[in-house]
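Please read the structure below before turning to the comments.
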Amino acid sequence: MPYAVVTGASSGIGKEFAIQLSKLNYELILVARRKEKLQETSKLLKNPSLIYEVDLAKEEECRDFFEKIKDLDIAIFINNAGFGECGEFIKIDDKLELQMIDVNVKAMHLLTKLALNKLKNQQAYILNVASISGLFPAGPYMSTYYATKSYIVSLTRGIAKELKDNNYPVYLGTLCPGPVNTEFNRVAHVQFALKGISSSKCVSYALKKMFQKKVIIIPTMKLKIATFLMRFCPAKLIIHLASKQQKRKLSK
Ligand SMILES: NC(=O)c1ccc[n+]([C@@H]2O[C@H](COP(=O)([O-])OP(=O)(O)OC[C@H]3O[C@@H](n4cnc5c(N)ncnc54)[C@H](OP(=O)(O)O)[C@@H]3O)[C@@H](O)[C@H]2O)c1
């Protein structure tokens, strides 16, 4: 079987992608910084997997990683690694925000380009994990995170149209989940204001829609309706509601 690459496979959504893709018989290429956690993921898989300890915040490490895997038979590339931070923009540590931009935006951008150049003439799948926040006009008290996820949604939508116009067989789409119960909250120092779904539910839906080649994937009917209704609301109102929601997280 060909390989499936999953970045951020040491926990949460990425770990679940690895488990479910392994059940579909793919061999896994697991990427993250915490090697021991990747080894734990690897033990849960049906087939032997390759483990790469990579800090995706570092461009050279992203390039070196891709160089090592570029000649393998890859059918699926899940660009999942990412993190957030909550709080007032003026108070959040700028180094942490720049690291967030390096992982959520720059690594995602670079790996999308490298993967596309390798896979463009194949029936292959590249899925960028954004967030429902990427469909919002802005997200006060998590402003940088929302902005990084908007970048992913915009970039993916743009490239997907180019691929379609130019008849490339490769699929590119983006997963936009709402709250999912993972390590995300601990890393972002927040508690969800809404009830989260399991990674297992999120990933099984994502894979179903990815194989159907849907460009924007939103798990849960509630969120799909909310994002549909958002189209008819003024941006100012949505930003006001998002602000209230994020403030509730901060006070928990
Ligand atoms: N949970 C949610 O509610 C939710 C909702 C919408 C979107 N998302 C998105 O889903 C993706 C996965 O998040 P999650 O919820 O599964 O959170 P998680 O459990 O904290 O997992 C994040 C993953 O990203 C990896 N990562 C972070 N920084 C990295 C770096 N510099 N280099 C390499 N890997 C790095 C982490 O691995 P190491 O720490 O081992 O490096 C970990 O495997 C993220 O892009 C997140 O924004 C999550």
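From a predicted model like this one, the values you see are computed outputs, not experimental measurements. All ligand and atom numbering here is 1-based and tracks the order in the structure.
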Check this for me: does any side-chain nitrogen of one of [X] and [Y] sit under 4.0 Å from a carboxylate oxygen of the other?
X: D64; Y: K68; result: no
X: K43; Y: E40; result: no
X: R34; Y: E183; result: yes
X: E67; Y: R63; result: no

Original post:
Side chain of Y171, backbone of K214: donor and acceptor closer than 3.5 Å?
Top reply: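 Here the side-chain-to-backbone pair exists.
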Subject >> S49 side chain to L45 backbone, donor-acceptor under 3.5 Å >> reply: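 Checked: no pair found.
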Original post:
Any idea which of A130, S131, P177 brings a heavy atom closest to atom 9 (C) of ligand 1?
Top reply: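 When every heavy atom of A130, S131, P177 is considered, A130 comes closest to atom 9 (C) of ligand 1.
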For [atom], grab the closest protein heavy atom and report residue, atom and distance to one decimal in Å.
atom: atom 47 (O) of ligand 1; result: Y145 OH, 2.7 Å
atom: atom 26 (N) of ligand 1; result: A81 CB, 3.9 Å
atom: atom 32 (N) of ligand 1; result: L56 N, 2.9 Å
atom: atom 45 (O) of ligand 1; result: N80 O, 2.8 Å
atom: atom 21 (O) of ligand 1; result: S11 OG, 3.1 Å
atom: atom 28 (N) of ligand 1; result: R33 NH2, 3.3 Å
atom: atom 14 (P) of ligand 1; result: T182 OG1, 3.4 Å
atom: atom 36 (C) of ligand 1; result: S10 OG, 3.8 Å

Subject >> Distance (rounded to the nearest 0.5 Å) between L135 CG and F228 CZ >> reply: 14.0 Å
Original post:
ligand 1 versus V103, non-hydrogen atoms closer than 4.0 Å: side chain, backbone, both, neither?
Top reply: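 The side chain, only.
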**OP:** Indicate, as side chain, backbone, both or neither, the part of K149 found under 4.0 angstrom from ligand 1 when only non-hydrogen atoms are considered.
**Re:** side chain
Going by the order shown, which atoms of ligand 1 are within less than 4.0 Å of some heavy atom of [X]?
X: G12; answer: 16 (O), 19 (O)
X: A32; answer: 33 (C), 34 (N), 37 (O), 38 (P), 40 (O), 41 (O)
X: G178; answer: 3 (O), 5 (C), 6 (C)
X: P179; answer: 3 (O)
X: V54; answer: 32 (N), 33 (C)

Subject >> Passing option when N128 is tested against N80, T174, T156 for side-chain hydrogen bond (donor to acceptor under 3.5 Å, both in side chains) >> reply: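 The single option meeting the side-chain hydrogen bond (donor to acceptor under 3.5 Å, both in side chains) with N128 is T156.
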Subject >> Among C86, S133, S150, the one residue meeting side-chain contact (heavy atoms from CB on, under 4.5 Å) with Y145 >> reply: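 Option passing the side-chain contact (heavy atoms from CB on, under 4.5 Å) with Y145: S133.
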Subject >> Close approach of A57 to ligand 1, heavy atoms, under 4.0 angstrom >> reply: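 It does; at least one heavy atom falls under 4.0 Å.
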Original post:
Are more than 12 heavy atoms from other residues, nucleotides or ligands located less than 6.0 Å from atom OH of Y168?
Top reply: no
Subject >> Over 12 foreign heavy atoms within 6.0 Å of NZ, K46 >> reply: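 Correct, the count exceeds 12.
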Would one find an N or O of [X], backbone or side chain, under 3.5 Å from an N or O of ligand 1?
X: V187; value: no
X: I13; value: yes
X: Q99; value: no
X: V180; value: yes

**OP:** Would you check, one step at a time, whether the test side-chain contact (heavy atoms from CB on, under 4.5 Å) holds for E16 with V180?
**Re:** CA-CA 12 Å; E16 187 62 34; V180 183; over 6 Å; no
Original post:
Should N79 and T112 be marked as a side-chain hydrogen bond (donor to acceptor under 3.5 Å, both in side chains) after you check the CA-CA gap, both sets of side-chain angles, and the distance that decides it?
Top reply: CA-CA 8 Å; N79 248 326; T112 300; 3.2 Å; yes
